[in-house]
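Okay, so here's the structure we're looking at.
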Protein chains: 2
Amino acid sequence: MSDAGADKGHPAEAGDVFKALADPTRRKILDELAERDGQTLFEICSRLAMKHQLGSSRQAISQHLEVLIRADLVASRRAGRYKFHHLNTEPLERLTDRWRNREAKES
Amino acid sequence: MSDAGADKGHPAEAGDVFKALADPTRRKILDELAERDGQTLFEICSRLAMKHQLGSSRQAISQHLEVLIRADLVASRRAGRYKFHHLNTEPLERLTDRWRNREAKES
DNA sequence: ATAATAGGCAAGCAGCTACTTGCCTATCAA
DNA sequence: TTGATAGGCAAGTAGCTGCTTGCCTATTAT
C-alpha cells in the first residue's frame, strides 16, 4: 500500500499551482528538471548551487519540492535510497486560458 | 511620449506576473475585468462583494490593483475623477512555455 | 460655496512563508 | 558490523504580504 505518487490526497487546485510558481527558487527547480528530468534532491541542490549561485540548503530545496509536488508540478518516485523527481507540465496546460478566453470559472 | 500604460518604469519581470497571480482575490479581479473591461475601483469592489461574497475593502482592492499594474496585467486610465482599469493578457501569452518547451532562459 | 463622490497615502498589525537548525531513519558500501 | 550516503521531521525565526485604519486630495453635483 501507500502510493508512491502525489495526486491522490489532493485535488491539486489551481491556486496551488499559482502559489508554487510564485517563488523564484521553485521556478529554477522546474527549469532544472526541464533540462534534466528525474534528478534526486542532492543533484538538484548541487546543480542549482553551481549554475545559479543559489546557496539554498538541502532542507530548503526539499521544502520547495514538497510545494511543487502538492501543486502536481513534480512527481517523485522512490528507488532504494534515492528519490527521483520528475517534472509534470500538465497543470500548466490551460492555466491562463481562463482570462484569455474571457471565461471565468473558479478560483 | 509618456504613454498611459505601465511598461515604462518597470520591465515587468516574469516573477511579478507569477506573484500577482498567486493571490485568489487578484485572480478574481482579473476574472471581473475579463467579464467587463474598464471598470473603476468602486465598481470592482461592489461587484466582487456581490458575486463572490468578497468583503474586501476599497483599499484592499486598490492595493491588489497596484500589484496587477506592476505586473502589467492591468492598465489604468484616468478620466476626470474616474480611473478605469483594463485587462492586459499579453504577459500571460508565453508564460508557461518555458517549461513546456524544455527551454529555460531567465527567472 | 458646500457636499458628495472617487480615489490616494501611509502607518500599523496579524498571518503566512521561506529558511535555518538539530536530530532522526533508511539504504548501501567497506 | 561500521560508516557513509540520501533523505525526513519538527521547532524556531526573520521577513514578507494582505488587510485595516485614519486622514488626505481631486473632481463633480447642487
Side-chain angles (χ1 to χ4, degrees), chain A residues 2-4 6 9 13 15-30 32-33 38-49 52-71 73-86 107, chain B residues 4 6 9 13 15-30 32-33 38-49 52-71 73-86 107:
Chain A
S2 80
D3 56 317
E13 299 180 17
D16 294 333
V17 181
F18 287 115
K19 282 210 169 186
L21 295 175
D23 186 89
T25 303
R26 283 197 288 270
R27 291 196 297 273
K28 288 195 185 103
I29 292 176
L30 293 183
E32 196 51 57
L33 289 179
Q39 294 189 60
T40 68
L41 172 58
F42 273 71
E43 280 181 280
I44 296 171
C45 283
S46 58
R47 295 192 56 162
L48 279 183
H52 301 278
Q53 272 80 17
L54 260 194
S56 303
S57 68
R58 177 180 60 88
Q59 288 83 349
I61 303 295
S62 177
Q63 285 162 9
H64 280 309
L65 283 171
E66 274 185 55
V67 176
L68 291 170
I69 288 172
R70 287 192 104 82
L73 285 166
V74 167
S76 63
R77 149 180 76 91
R78 264 269 181 195
R81 65 173 155 173
Y82 299 103
K83 190 177 180 185
F84 302 103
H85 299 86
H86 298 269
S107 72
Chain B
E13 299 181 15
D16 295 333
V17 181
F18 287 114
K19 280 209 169 186
L21 295 175
D23 186 89
T25 303
R26 282 196 288 269
R27 292 197 297 272
K28 287 194 185 105
I29 291 175
L30 293 183
E32 196 52 56
L33 289 179
Q39 294 189 58
T40 67
L41 173 58
F42 273 72
E43 281 182 280
I44 297 172
C45 281
S46 58
R47 295 193 55 162
L48 279 183
H52 301 279
Q53 272 79 18
L54 259 194
S56 303
S57 68
R58 177 180 59 88
Q59 288 83 349
I61 302 296
S62 177
Q63 285 162 9
H64 281 309
L65 283 171
E66 274 185 55
V67 177
L68 291 169
I69 288 171
R70 287 193 104 82
L73 285 166
V74 166
S76 62
R77 151 179 74 92
R78 263 269 181 196
R81 66 172 155 175
Y82 299 103
K83 190 177 181 186
F84 301 103
H85 298 86
H86 297 269
S107 74

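Nothing here was measured: the structure is a model prediction, and the numbers come from that model. Throughout, a chain's letter reflects where its sequence line sits, starting with A, and its residues are numbered from 1. When reading the values below, keep in mind they use all heavy atoms of this one structure, side chains included, and skip hydrogens, waters and symmetry mates.
Between the CG atom in B/Leu30 and the NE2 atom in B/His85 there is a gap of 12.0 Å [rounded to 0.5 Å]. Note that CZ of A/Arg58 and SG of A/Cys45 are 7.5 Å apart. Values are rounded to the nearest 0.5 Å. Rounded to the nearest 0.5 Å, atoms CG (B/Asp23) and NZ (B/Lys28) are 9.0 Å apart.
In terms of position on DNA chain C, the residue among A/Gln59 and B/Ser62 whose nearest nucleotide sits closer to the 5' end is B/Ser62.
B/Gln39 places a side-chain N or O within 3.5 Å of a backbone atom of B/Glu32 that can act as its donor or acceptor partner. When atom types are taken as modelled, the side chain of B/Arg27 and the backbone of B/Leu21 share a donor-acceptor pair closer than 3.5 angstrom. Under the 3.5 Å distance criterion, the side-chain polar atoms of B/Arg26 are matched with a main-chain donor or acceptor of B/Lys19.
Distance from the side chain of A/Leu41 is smallest to D/dG7 among D/dG7, C/dT20, C/dG8. With C/dT20, D/dC19, D/dG7 as the candidates, the nucleotide lying closest to the side chain of A/Lys83 is D/dG7.
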Protein-nucleotides 12-18 of chain C N/O pairs under 3.5 Å:
residue	atom	partner	partner atom	Å
C/dT17	OP1	A/Lys19	NZ	2.9
C/dA18	OP1	A/Arg26	NH2	3.0
C/dA18	OP2	A/Arg26	NH1	3.4

Can you name the atoms? Protein N/O to nucleotides 2-5 of chain C N/O, anything below 3.5 Å, with the distance.
residue	atom	partner	partner atom	Å
C/dT5	O2	B/Arg81	NH1	3.2

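Taking atom CD1 of residue B/Ile44 and atom P of nucleotide C/dG7, one finds them 9 Å apart after rounding to whole Å. What separates CD of A/Glu66 from C1' of C/dC19 is a distance of 13 Å, to the nearest Å. The distance between atom CD of B/Gln39 and atom P of C/dA6, rounded to the nearest whole Å, is 14 Å. Distance CG (B/Leu65) to C1' (C/dG8): 13 Å, rounded to an integer number of Å. A straight line from CZ of A/Phe84 to C1' of D/dT5 spans 13 Å, rounded to a whole angstrom. Following rounding to the nearest Å, A/Arg58 (CZ) and D/dA6 (P) show an atom-to-atom distance of 11 Å. For the pair A/Leu48 CG and C/dC19 P, the interatomic distance rounds to 11 Å; values are reported in whole Å.
Annotation for A/Glu43 and A/Ser46: closest pair O-OG, 3.0 Å, computed over non-hydrogen atoms. Minimum interatomic distance between B/Val17 and B/Ala71 (heavy atoms only, all atoms of both residues): CG2-O, 3.6 Å.
Inter-residue side-chain proximity for A/Leu65 and A/Ile44 is flagged as met; some heavy-atom pair is nearer than 4.5 Å.
In this model, no side-chain donor or acceptor of A/Arg78 finds a partner on the base of D/dG7 within 3.5 Å.
Contact annotation: B/Ser57 side-chain N/O to D/dT20 OP1/OP2 distance is under 4.0 Å.
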